[in-house]
> 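What follows is a single structure, and I will ask about it in a moment.
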2 protein chains.
Amino acid sequence: MTSIKDVASHAGVSVATVSRVLNDHPAVRPGTRSRVLTSVTELGYRPNAVARSLRTHQTRTLGLVISDVLNPFFTELARAVEDAARERGYSVIIGNADERAALQEHHVRTLLERRIDGLLVSPTDGGTAMMRDAAAAGTPMVFVDRWIRGLDVPVVHADGRAAVHDLVAHLYALGHRRLAIIGGPSETTTGDERVAAFRAALDAHGLPLPREYTGQGDFQTESGRRETAAFLDLPVPPEVVFAADNLMALGAMDELRSRGLRVPEDIALAAFDDIPWFLHTDPPITAIAQPTGELGHKAVEALISLVEGRSAASVTLEARLVTRRSCGESEGKSR
Amino acid sequence: MTSIKDVASHAGVSVATVSRVLNDHPAVRPGTRSRVLTSVTELGYRPNAVARSLRTHQTRTLGLVISDVLNPFFTELARAVEDAARERGYSVIIGNADERAALQEHHVRTLLERRIDGLLVSPTDGGTAMMRDAAAAGTPMVFVDRWIRGLDVPVVHADGRAAVHDLVAHLYALGHRRLAIIGGPSETTTGDERVAAFRAALDAHGLPLPREYTGQGDFQTESGRRETAAFLDLPVPPEVVFAADNLMALGAMDELRSRGLRVPEDIALAAFDDIPWFLHTDPPITAIAQPTGELGHKAVEALISLVEGRSAASVTLEARLVTRRSCGESEGKSR
DNA sequence: CTGAAAGCGCTTACAG
DNA sequence: CTGAAAGCGCTTACAG
């Protein structure tokens with residue numbers, strides 16, 4: 001592979017001069033500059049970012065560890081993160097934890113060894129030693145969507161409490177009284193807090209949330225199916241199932257379908273996270289939509305602040321309810 | 001950040017010895033080894049992959065440039081690629097071209113500067129100079145799903161011709177005679193060949209494919225909507241719309257829905273690429289399924305062969321038809 | 001089994 | 001405006 005040295009000798013200058021031209025250093029005579037540039041194209045020279053990073057101690061790269069690439073919410077988030085980063089001259093390396101703490105650990109380690117300038121994480125678990133060490137060691141770091149309690153790391157997320165309250169009010173108005181939820185892992189903040197928000201909203205309506213109506217999922221499809229099956233096998237099944245993410249809602253639909261049950265006639269369904277397909281399912285699904293793109297942008301903004309030595313504050317955005325037909329009403333506002 | 005030098009002095013050995021321990025070199029006395037390992041954990045040392053890569057001329061990283069992360073087909077492909085790579089000790093950096101040639105170019109350049117060991121691409125266009133140069137320069141490279149004609153680069157893809165033929169036979173049997181297709185960009189092989197396969201299958205049934213039934217999409221949602229609208233505004237609209245990918249099928253559904261048309265009563269719909277949600281749409285959508293996971297695995301296998309100096313052959317797998325209700329029949333085999 | 005030393009491809013004070 | 005030289009953090013022949 002051709003190096004800066006080849007370019008230098010081809011152009012008849014020193015490597016220092018080539019470097020200056022490549023980095024747009026002002027103190028280079030125009031004639032020299034164009035001679036170097038010509039050599040660069042003639043030789044098809046491509047700078048070695050590895051060497052540059054070793055020397056400059058920065059990679060201009062951000063690491064993003066997400067819980068599950070196959071979850072459209074995270075895909076959209078990743079896309080927004082990449083866009084925002086690119087606009088500011090950073091690349092991003094994505095690690096997919098697949099909702100497994102061990103895999104998350106693997107990606108964090110790999111990213112740290114690659115000396116990424118900053119780390120964006122949506123943690124799969126309650127906080128491993130490595131993550132705590134990284135935070136303590138001063139690695140620029142921001143949590144997005146989910147976070148780890150007790151760490152001094154900015155968090156960019158959407159608060160769904162008001163939207164969950166709206167959802168419960170909507171369900172209550174439709175006459176539903178037996179409401180069940182499929183939550184995420186209790187180690188994750190979103191797993192935890194969505195259930196808490198649901199419970200608080202039920203409470204405000206004088207409704208109970210019995211243990212058997214609290215399914216324990218893992219944010220992936222299969223758990224949605226499994227927990228829905230458990231609900232349906234109860235002596236008194238719920239009238240509504242609220243899935244804490246779109247993948248578990250998919251699993252719930254799989255189960256309902258295999259049992260030949262109709263939504264919303266036989267049972268109502270709602271989901272956290274809105275996705276384009278929810279408009280075309282049978283029936284269209286009532287969902288709580290997060291401002292996903294904005295979350296990604298704000299998270300990058302905060303992280304780059306940290307990377308460049310400035311401070312960064314946490315950001316809380318609002319989620320909102322989008323009602324469709326899956327809970328029994330004719331369609332309201334949608335998109 | 002603590003370096004190998006710190007570990008060496010802490011353990012009272014040379015950096016060479018630390019390096020040997022870290023790389024599992026056999027010629028290290030057990031006592032020395034454990035002393036070094038202790039220092040490593042005590043200091044919280046994390047190897048610098050940047051320095052190592054500069055020295056060894058390998059990054060153990062593969063680059064993957066996909067056409068669109070928001071397309072579930074590519075997300076699933078990316079996930080399979082990452083899994084396969086990780087199993088073999090490689091990381092992967094994903095670049096999202098968003099179906100834009102300029103963005104693809106940006107990612108390829110960035111990945112090359114980072115000195116990735118090999119490049120996996122699903123090209124958005126007919127072949128830019130950079131891609132040709134990279135191939136000519138001997139960069140280990142494999143195309144997946146889509147490819148660029150005239151380059152000596154292995155291709156891992158699924159042949160959809162038989163499945164398209166099955167689809168047309170299915171449509172014909174249901175009495176449909178006016179069939180339209182929304183194709184992808186003609187510069188892409190999949191954009192091109194899916195239309196060609198469709199045309200050939202129609203031909204085999206003695207059916208024409210008039211120009212006005214050949215929509216020109218770009219594999220993204222909005223184009224599916226636009227082309228469907230154009231079909232519907234025709235004096236004699238088609239009886240069936242076949243979208244060459246799932247995103248354009250989504251756009252088609254958006255348009256049909258906004259016009260209050262029913263599928264399949266008013267118009268039939270089928271799509272290339274199967275996704276989990278197609279089972280739950282109204283109605284479930286007939287689709288051509290690719291062996292996505294296997295494509296990803298085979299592609300990585302081929303690329304690593306090249307990276308490690310061995311040769312690699314192209315691989316062609318088969319796509320298959322999955323019939324559901326969107327074309328007018330009761331459900332057949334599905335999943 | 002272990003260490004001293006060269007070198008990977010850059011950038012950047014320091015001189016001139 | 002330009003160059004010589006040091007150094008980033010590793011790995012690996014070469015000696016011993």
Side-chain angles (χ1 to χ4, degrees), chain A residues 1-40 43-61 89 109-117 137, chain B residues 1-40 43-61 89 109-117 137:
Chain A
M1 192 126 244
T2 113
S3 82
I4 198 173
K5 216 184 285 187
D6 303 314
V7 177
S9 62
H10 185 274
V13 298
S14 73
V15 295
T17 298
V18 176
S19 176
R20 289 196 188 93
V21 171
L22 261 22
N23 291 292
D24 281 322
H25 188 104
V28 179
R29 212 189 313 167
T32 314
R33 161 180 300 275
S34 65
R35 203 139 35 86
V36 169
L37 258 16
T38 305
S39 297
V40 164
L43 298 178
Y45 169 69
R46 203 172 293 291
N48 184 330
V50 175
R52 176 188 314 208
S53 292
L54 179 60
R55 183 52 231 238
T56 61
H57 298 284
Q58 56 164 349
T59 51
R60 292 242 116 203
T61 302
R109 183 183 313 107
T110 305
L111 291 168
L112 257 21
E113 291 185 356
R114 279 161 192 283
R115 297 298 192 264
I116 43 117
D117 294 341
Chain B
M1 193 127 246
T2 114
S3 82
I4 200 173
K5 217 184 282 185
D6 304 313
V7 178
S9 62
H10 186 275
V13 297
S14 72
V15 295
T17 298
V18 176
S19 176
R20 289 196 187 93
V21 170
L22 262 22
N23 291 293
D24 280 321
H25 188 104
V28 178
R29 212 189 312 168
T32 313
R33 160 179 302 274
S34 64
R35 204 139 36 87
V36 169
L37 259 16
T38 305
S39 298
V40 165
L43 298 177
Y45 170 68
R46 204 171 292 292
N48 184 329
V50 174
R52 176 188 314 206
S53 291
L54 179 60
R55 183 52 232 238
T56 60
H57 296 284
Q58 55 163 351
T59 50
R60 293 242 115 202
T61 301
R109 182 183 314 107
T110 305
L111 291 168
L112 257 22
E113 291 185 355
R114 277 161 193 284
R115 299 297 192 262
I116 43 116
D117 294 340

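Below, read A as the first sequence line, B as the second, and so on, with proteins coming before strands; counting in each chain starts at 1.
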> How does DNA chain D look in dot-bracket form if you count Watson-Crick and G-U pairs under 3.5 Å, write [ ] for pairs that cross, and put | where a base pairs with another strand?
|||.||||||||.|||
> Can you pull out the residues from residues 5-19 of chain A that lie within a 4.0 Å heavy-atom distance of DNA chain C?
A:Ala16, A:Ser19
> With sugar-phosphate meaning primed atoms plus P, OP1 and OP2, does B:Arg55 contact a base, only sugar-phosphate, or nothing at under 4.0 Å between heavy atoms?
base
> Check whether any side-chain heavy atom of A:Ser19 lies under 4.5 Å from a side-chain heavy atom of A:Asn23, and answer yes or no.
yes
> B:His57: which residues meet the side-chain contact (heavy atoms from CB on, under 4.5 Å) condition with it, sequence neighbours left out?
none
> In a table with atom names and distances, give each donor-acceptor pair under 3.5 Å that connects a side chain of residues 44-52 of chain A to protein atoms at least two apart or in another chain.
unit_1	atom_1	unit_2	atom_2	d
A:Asn48	OD1	A:Val50	N	2.8
A:Asn48	OD1	A:Ala51	N	3.1

> Can you check whether A:Arg60's main-chain N or O pairs, donor with acceptor, with A:Asp117's side chain at less than 3.5 Å?
yes
> Report the residues that fulfil side chain to side chain donor-acceptor pair (under 3.5 Å) with A:Asp6, sequence neighbours left out, ordered by chain and then residue number.
none
> Not counting sequence neighbours, which residues clear side chain to side chain donor-acceptor pair (under 3.5 Å) with B:Thr110? List them please.
none
> Please identify the 5'-most and 3'-most nucleotides of DNA chain C with any atom under 4.0 angstrom from a heavy atom of chain B.
C:dC1 to C:dG9
> Going by the rule side-chain contact (heavy atoms from CB on, under 4.5 Å), which residues pair with A:Arg35 if we only count those two or more places apart in sequence or in a different chain?
A:Val13, A:Thr32
> Tell me, please, which residues at least two apart from A:Arg33 pass salt bridge (charged side-chain N to carboxylate O under 4.0 Å, His left out).
A:Asp24
> Select from B:Ala51 and A:Thr32 the residue whose nearest nucleotide in DNA chain D is closer to the 5' end of that strand.
A:Thr32
> Grab the two heavy atoms, one from B:Ala8 and one from B:Ser14, that are nearest each other, plus how far apart they are.
CB-C, 3.8 Å
> Between the main-chain N or O of A:Gln58 and the side-chain N or O of A:Ser53, is there a donor-acceptor pair closer than 3.5 Å?
yes
> For residues B:Leu111 and B:Ile116, report the shortest heavy-atom separation together with the two atoms involved.
O-CG1, 3.1 Å
> Sequence neighbours excluded, which residues qualify as side chain to side chain donor-acceptor pair (under 3.5 Å) partners of B:Thr61?
A:Arg114
> Just to verify, what does B:Ser34 make a side chain to side chain donor-acceptor pair (under 3.5 Å) with, not counting sequence neighbours?
none
> Kindly state which residues belonging to residues 21-31 of chain B come within less than 4.0 angstrom of DNA chain C, counting heavy atoms of the residue only, listed by number.
B:Ala27, B:Val28, B:Arg29
